[in-house]
Amino acid sequence: MNTSHTIARLGDIASIRQGHPFRGAIRAAVDGSVRIIQLKNVSVNGVDDAHDLLRTHLSNRKAPDWVKDGDVVLTARGKHPMAALLIDPPETTVCSPHLYVIRVADAAKAFPAFIAWQLNQSPAQEYLRRQSAGSRQQSLRKASVEDLQMRLPPLLQQQRIVTIARAALLERSHCEQLIAARTEEVSRYAEHLLDGICT
C-alpha cells in the first residue's frame with residue numbers, strides 16, 4: 001500500500017467556525033422551522049436523525065450560516081471531542097455554539113468523511129484533549145483546532161480508509177443488535193423457566 005502523504009494544518013484546508021451564536025437558553029418549539037444540532041446529538045457514529053433534533057425559531061435579521069451536506073461537526077466541549085460527517089441535513093439546520101463546523105475548502109485534497117474519521121483517531125484525539133482548557137468544563141479554542149496537523153494520503157487511499165471504517169461501524173452495529181436480541185431471548189426463557197420456581 002502506498003503510504004505517501006502530505007501534512008497540512010486543518011485551518012489551511014478547511015474553514016472552521018463556531019455554531020450559531022444563540023443568546024441565552026435555546027427555546028424548543030414544536031412548530032419551529034429551524035433544527036439544531038447539539039452536543040448530545042453527535043457521536044462517532046454520526047449525527048442523530050433529523051426528526052430527533054430540537055426545533056426552534058430564530059429571530060435574527062441576518063440569515064444564519066446553515067450547515068451543508070459534507071460539513072464536519074466537532075464537539076468543542078467535554079473531555080472526549082467527537083467529530084461527525086453531516087449527510088443531507090435539512091436545509092434550515094444550525095449547530096449550537098458548543099460545536100465547530102468544519103467545511104473542507106478543496107475536495108481535490110481531502111474528503112470530508114476522511115477528515116471526520118481522522119479527527120476521531122487517537123493522534124488527533126490526544127492533541128485535542130491536550131488543547132482543551134478549563135478545569136470544570138473543558139473547551140477547545142478555535143485556534144487549537146485550526147493548528148491540528150492532518151495527514152492527507154492520496155484521495156484513493158482516503159476513500160479506501162473511509163469505506164473500511166464505515167464497514168467496521170456497520171459490522172459493530174449488527175453485532176450489538178444480535179447480542180441485544182440474544183440477551184432478550186435468554187431473559188424470556190429464564191423468566192418462563194424460573195417463574196414457577198420463584199412463586
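Note that the structure is a prediction, hence the values are computed from the model and not measured.
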Trace of the side chain to side chain contact (heavy atoms under 4.5 Å, CB included) decision for I7 with R151:
CA-CA 5 Å; I7 297 177; R151 294 180 180 273; 3.8 Å; yes

Which distance, rounded to the nearest 0.5 Å, do you find between the CZ of F111 and the CG of L156?
8.5 Å

Below 4.5 Å, heavy atoms only, C-beta onward: do L74 and V101 meet side chain to side chain?
no

Heavy atoms of L39 and H98 approach each other most closely as CD2-O, 3.4 Å

For P21 and P97, work out which heavy atoms get closest and say how close.
CA-CG, 4.5 Å

Among pairs that include at least one residue of residues 57-76, which meet ring-ring contact (aromatic ring centres under 6.0 Å, His included), considering only residues two or more places apart or in two chains?
none

Closest non-hydrogen atom pair between A84 and S43, with its separation
CB-O, 3.7 Å

Nearest 0.5 Å, please: how far is SG in C95 from CZ in R35?
14.0 Å

The single option from V67, D71, V34, I36 that satisfies side-chain contact (heavy atoms from CB on, under 4.5 Å) with T93 is V67

Got a second to check how far I115's CD1 is from N120's CG, nearest 0.5 Å?
11.5 Å

How would you list, by chain and number, every residue that makes a side chain to side chain donor-acceptor pair (under 3.5 Å) with D12, sequence neighbours excluded?
R9

So do the side chains of R17 and D65 get within less than 4.5 Å of each other, counting heavy atoms only?
yes

Quick one, L10 and M150 - any side-chain contact, counting heavy atoms below 4.5 Å?
yes

Min side-chain heavy-atom separation I13-D106 under 4.5 Å:
no

Is there a side-chain contact between L54 and Q38, using heavy atoms and a 4.5 Å cut-off?
yes

Would you give the length of the straight line joining atom CD of Q18 to atom CG of L140, rounded to the nearest 0.5 angstrom?
10.5 Å

Between L155 and A110, what is the shortest heavy-atom contact and its length?
CD2-N, 3.9 Å

Do the side chain of Q125 and the main chain of L119 share a donor and acceptor less than 3.5 angstrom apart?
yes

Between L86 and D69, is there a side-chain heavy-atom distance shorter than 4.5 Å?
no

Under the ring pair (Phe, Tyr, Trp, His ring centres under 6.0 Å) rule, collect the residues that match up with W117, sequence neighbours excluded.
F114

How long is the straight-line distance from CD of Q131 back to OG of S139, given to the nearest 0.5 Å?
11.5 Å

Distance-only criterion, 3.5 Å: show the donor-acceptor pairs between side-chain atoms of residues 45-53 and protein atoms not counting sequence neighbours.
| unit_1 | atom_1 | unit_2 | atom_2 | d |
| --- | --- | --- | --- | --- |
| D48 | OD2 | N41 | ND2 | 3.1 |
| D49 | OD2 | H51 | N | 2.9 |

Side-chain donor or acceptor of Q158 paired with backbone N/O of K109 under 3.5 Å
yes

Check for me, please, whether V94 and L85 land in the same ILVMFWY cluster - side-chain distances under 4.5 Å, paths through other members count.
no

Taking atom CD of Q159 as the centre, report whether more than 12 heavy atoms of other residues, nucleotides or ligands fall under 6.0 Å from it.
yes

Taking the side chain as every heavy atom from C-beta outward, state whether P89 and K68 have any atom pair closer than 4.5 Å.
no

List the steps, then state whether salt bridge (charged side-chain N to carboxylate O under 4.0 Å, His left out) holds for E185 with R188.
CA-CA 5 Å; E185 183 181 13; R188 288 199 305 270; 5.3 Å; no

Test side chain to side chain donor-acceptor pair (under 3.5 Å) on S144 and R141 and set out the steps.
CA-CA 5 Å; S144 296; R141 294 181 300 110; 3.2 Å; yes

Got a donor-acceptor contact below 3.5 angstrom from the E146 side chain to the I16 backbone?
no

Assess whether side chain to side chain contact (heavy atoms under 4.5 Å, CB included) is satisfied between V104 and V72, documenting all intermediate values.
CA-CA 8 Å; V104 173; V72 175; 5.6 Å; no

Is it the case that more than 12 heavy atoms not belonging to R103 sit under 6.0 Å from its CZ atom?
yes

Measuring from atom NE2 of H80 to atom OG of S132, what distance do you get when rounded to the nearest 0.5 angstrom?
10.5 Å

Who are the salt bridge (Lys or Arg N to Asp or Glu O under 4.0 Å) partners of R55, not counting sequence neighbours?
none

Any donor and acceptor pair, going by atom type alone, linking the side chain of Y100 with main-chain N or O of K142 inside 3.5 Å?
yes

Given side chains that start at C-beta, do those of L99 and I37 come closer than 4.5 Å, heavy atoms only?
yes

Test: ring-ring contact (aromatic ring centres under 6.0 Å, His included). Region: residues 15-41. Which pairs qualify, not counting sequence neighbours?
H20-F22

